[in-house]
Student: 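Here you go, one structure.
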Protein chains: 2
Amino acid sequence: MKYIKIPPATIYRLSRYSRKLSLLSREGLEVVSSEKLAAECGVNSAQLRKDLAYFGEFGVRGVGYYTGHLLQHIKNILGLEKEWRLGLFGVGNLGQALLHYPNFINQGYRFVAAFDVDSGKIGQTLGSGLEISDMKDITEVVSREPFEIGVITTPAGGAQQVVELAIEAGVKGILNFAPVILRVPGDVVVEYVDFTLRLDSLSYYLSNR
Amino acid sequence: MKYIKIPPATIYRLSRYSRKLSLLSREGLEVVSSEKLAAECGVNSAQLRKDLAYFGEFGVRGVGYYTGHLLQHIKNILGLEKEWRLGLFGVGNLGQALLHYPNFINQGYRFVAAFDVDSGKIGQTLGSGLEISDMKDITEVVSREPFEIGVITTPAGGAQQVVELAIEAGVKGILNFAPVILRVPGDVVVEYVDFTLRLDSLSYYLSNR
DNA sequence: TGGTGTGAACAACTTCACAGCG
DNA sequence: CGCTGTGAAGTTGTTCACACCA
C-alpha cells in the first residue's frame, strides 16, 4: 500500500463493488474476474483493478479474485467490520423513513438517537423504541448513548445550526440531506445527499436533447 | 453559446447557484459578485464564471451579476421554467416521504402517479389524493396522466424490472434511489441517489485518520 | 477602477496496452 | 495461457492570471 492520495470516486466504487460481491458471493460464485465484476458495476475493468491496487494485491493472475476473500478485504478498507451508530436530526417524513430504511440496518448502521426542535414531537417514542430528544439536550444524550455519525434531515434553514451543535457534542461525521453547503472544521467529514440537485440535472438533460 | 461539451459537475453547480440566488434575491440583494456567490456555494470564483460562460455572458464587468436576472437565466438553462411531473414507483416509507418532500413541490416538481406491486396497497388513496396503481397498469395510467420522470424507490432487486416497464410506457428520465446500476437505452437519462454509498464513504474517512 | 470572461497552465482521473506472474 | 497489476498516454475538469470592458 503505497502512500498516494486516493480519489474520492474510488471510495464510492469500493462501496458498489462490495455490494455486488455480497450478492455474487451469496449466489455461490467463488471466483470473479475484474472484467465481470466491473461490468456488473458499470465501470471499466482497468478502473476496478486500479481501485483495488491502491490498497494491495488481492487477485490471482490468470484466475481472478476470490469473491469472499475480496469482499472481506473491501469491507475492511471501508471500515465496515464495525457497527456504526447514527443520530437523526429532524424527525420529519424523510427522517422517519430513514429510521426504517432496510439497507442501513443490513449494512451495519444503526440509529441510536433522534432529535427535533418541535416541542410537539419531543418526548414521543417512535415505533423502533427510540425516544425523540430535544436538540438542546444533545450533549447529555451523546454521553449516555454515543454515536459517530449525525444524519441531518432538517429544513435547509436550520441545518447549519444543528450541525454546529452536533459537532460541539463530538460528532465527527455528517450525512447531510438538507440542500445547503455546510461549514465545518477540518476534522469533520461531510457527505451530501441532495435530491433536488439530481432532479434539476434530469430536468436539464431532458430539456436539452 | 459555443458548442462544447458541458461537464456534468457544471450542471450540479448551476442547481446550487440557482438555489442560493433564490435566497439572496428574496433577501433583497440586487447585485452579487462571482466571488461572493461562489463562496456561498463553496466553489472557486473562476469556476463559477466558467460554468456560466458555457451558456452566455450574464454579468456586467466591474459590477457583478444582477441576482434576479441571473436566476432567471439559470432556471432557463436547467429547464425549470416548466412544471415537471413525476411518477413514484414503490410506495414504501421512503416513497411516501418523497411525496411530501417540500423542496420538490417548491421547485416545480409534482407527483401525479404512484405505483406498487403490493396488492394490499393498490387501490388505496394517499393523503395527497393520489391513488396507488398496479405497476402492470402503467401504460394506461401514463396515457391518462402523463409524466416525464420516474422516481424509483423499490427494493434493489426489483428496480431494473420496474424501470423497464416505465421506459416501455414512455418515461425518459429516472431518479433512482435503489442501490443498483440500471441498464437503460441511450435516450433515457438516469440520476442516482444512493444513501449507503455515502454512508460507506463516511465510514471510510472516519476509520482512516 | 473593479469584476467579468477566457486562454493557457495545471491537476485529477480514466483508459490503454502490455509486462509479469500463477 | 489468461488475467492481474501498472507505467504511460489520454481525457476531463479546475485554477491561474490577466486582457478587456462597463
Side-chain angles (χ1 to χ4, degrees), chain A residues 1-17 21 24 29-71 73-74 77 181 197 201 204-205, chain B residues 1-17 21 24 29-71 73-74 77 181 197 201 204-205:
Chain A
M1 177 173 171
K2 289 219 236 100
Y3 200 71
I4 310 175
K5 206 189 148 260
I6 290 149
T10 289
I11 305 304
Y12 291 132
R13 283 190 298 265
L14 285 181
S15 174
R16 283 207 231 141
Y17 303 153
L21 280 169
L24 295 175
L29 191 71
E30 304 231 319
V31 175
V32 67
S33 68
S34 65
E35 197 66 53
K36 167 154 195 206
L37 181 56
E40 297 260 2
C41 295
V43 305
N44 180 299
S45 70
Q47 177 86 84
L48 184 149
R49 293 196 298 276
K50 188 140 275 189
D51 285 339
L52 297 178
Y54 285 117
F55 301 96
E57 307 200 358
F58 306 119
V60 183
R61 290 169 198 231
V63 178
Y65 301 89
Y66 290 97
T67 51
H69 179 241
L70 180 58
L71 176 58
H73 267 295
I74 294 181
I77 293 164
I181 302 295
L197 217 69
S201 177
Y204 170 79
Y205 290 111
Chain B
M1 176 172 169
K2 289 218 236 101
Y3 201 70
I4 311 175
K5 205 186 149 265
I6 290 147
T10 289
I11 305 303
Y12 290 133
R13 284 191 297 265
L14 285 180
S15 175
R16 284 207 230 140
Y17 303 154
L21 280 168
L24 295 175
L29 191 70
E30 306 230 319
V31 175
V32 68
S33 68
S34 64
E35 197 67 52
K36 167 156 194 206
L37 182 55
E40 297 259 3
C41 296
V43 304
N44 180 299
S45 71
Q47 176 89 81
L48 185 150
R49 294 197 297 277
K50 189 139 274 188
D51 285 339
L52 297 177
Y54 286 116
F55 301 96
E57 306 199 359
F58 307 119
V60 184
R61 289 169 197 231
V63 178
Y65 301 89
Y66 290 98
T67 50
H69 180 242
L70 181 58
L71 176 57
H73 268 294
I74 293 181
I77 292 163
I181 302 296
L197 218 68
S201 177
Y204 171 78
Y205 290 110

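Since the structure is predicted, the reported quantities are computational estimates derived from the model, not experimental observations. Excluded from the calculations below are hydrogen atoms, water molecules and symmetry mates; all remaining heavy atoms, backbone and side chain alike, are included. In what follows, chains are A, B, ... by sequence order, proteins preceding strands, each numbered from 1.
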Student: Between S34(A) and L48(A), which heavy-atom pair has the shortest distance, and what is it?
Tutor: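 Reported closest heavy-atom pair: CB-CD2, 4.0 Å.
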Student: Just to verify, what does R13(A) make a salt bridge (charged side-chain N to carboxylate O under 4.0 Å, His left out) with, not counting sequence neighbours?
Tutor: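 Testing R13(A) for salt bridge (charged side-chain N to carboxylate O under 4.0 Å, His left out), a comparison that skips the adjacent residues, returns D51(A).
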Student: How would you list, by chain and number, every residue that makes a side-chain contact (heavy atoms from CB on, under 4.5 Å) with E35(A), sequence neighbours excluded?
Tutor: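 E35(A) satisfies side-chain contact (heavy atoms from CB on, under 4.5 Å) with S33(A), S45(A) only.
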Student: I want to check something: taking the side chain as every heavy atom from C-beta on, are H69(B) and V60(B) in contact at a cut-off of under 4.5 Å?
Tutor: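 In short, these two side chains do not touch, never coming nearer than 4.5 Å.
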Student: Which whole-number value in Å describes the distance from E57(B) CD to dG3(C) P?
Tutor: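 Taking CD of E57(B) and P of dG3(C), I get 18 Å after rounding.
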Student: Under the rule for side-chain contact (heavy atoms from CB on, under 4.5 Å), what residues qualify as partners of L70(A), not counting sequence neighbours?
Tutor: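 With neighbours one apart ignored, the set is L21(A), L37(A), L52(A), F58(A), Y65(A), I74(A).
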Student: Does Y205(B) OH have over 12 foreign heavy atoms under 6.0 Å away?
Tutor: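 For Y205(B), atom OH is crowded (more than 12 foreign heavy atoms under 6.0 Å).
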Student: Tell me the interatomic distance from L14(A), atom CG, to dC13(C), atom P, rounded to whole angstroms.
Tutor: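 Result: 14 Å.
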Student: Measure CG/L48(A) against P/dT14(C) and give the value in whole Å, please.
Tutor: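 Atom CG in L48(A) sits about 12 Å away from atom P in dT14(C).
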Student: Does Y65(B) put a side-chain nitrogen or oxygen below 4.0 Å from OP1 or OP2 of dG5(C)?
Tutor: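 Answer yes for this pair, as a side-chain N or O of Y65(B) is under 4.0 Å from OP1 or OP2.
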Student: Which residues within residues 31-41 of chain B lie with some heavy atom under 4.0 Å of an atom in DNA chain C?
Tutor: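 Residues of residues 31-41 of chain B that come under 4.0 Å of DNA chain C are, in numerical order, S33(B), S34(B).
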Student: How many whole angstroms separate atom OH of Y12(A) from atom C1' of dC13(C)?
Tutor: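 So the two atoms are 15 Å apart, to the nearest Å.
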Student: Mind listing the closest non-hydrogen atom pair of Y204(A) and I77(B) along with its distance?
Tutor: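 Smallest interatomic distance, heavy atoms only, reads CD1-O, 3.3 Å.
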Student: Once you round it to whole Å, what is the distance between C1' of dT15(C) and CG of D51(A)?
Tutor: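 Result: 12 Å.
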Student: Can you give me the N/O atom pairs linking the protein to nucleotides 15-19 of chain D at distances under 3.5 Å, or say none if there are none?
Tutor:
unit_1, atom_1, unit_2, atom_2, d
dT15(D), OP2, Q47(B), OE1, 3.4
dT15(D), O4, K50(B), NZ, 3.3
dC16(D), OP2, N44(B), ND2, 3.4
dA17(D), N6, R49(B), NH2, 3.4

Student: In whole angstroms, how far is the C1' atom of dC3(D) from the CG atom of L70(A)?
Tutor: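 Going from L70(A) (CG) to dC3(D) (C1'), I get 14 Å.
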Student: How close do Y17(B) and C41(B) get, heavy atom to heavy atom, and via which atoms?
Tutor: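 That closest heavy-atom pairing would be CD2-SG, 3.7 Å.
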Student: Without decimals, in angstroms, what is the distance between Y54(A) OH and dT6(D) P?
Tutor: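 After rounding, the reported distance stands at 12 Å.
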Student: K5(A) has an atom NZ; how far is it from atom C1' of dC13(C), in whole Å?
Tutor: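 Going from NZ in K5(A) over to C1' in dC13(C) covers 10 Å.
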Student: Measuring from the side chain of R13(A) (C-beta onward, heavy atoms only), which nucleotide among dG13(D), dG5(C), dT14(C) has the closest atom?
Tutor: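 Selected nucleotide: dT14(C).
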Student: Holding to side-chain contact (heavy atoms from CB on, under 4.5 Å), I want the full list of residues that pass it with L197(B), two or more places apart in sequence or in another chain.
Tutor: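 Listed in chain order: Y12(A), S15(A), R16(A), R19(A), D194(B).
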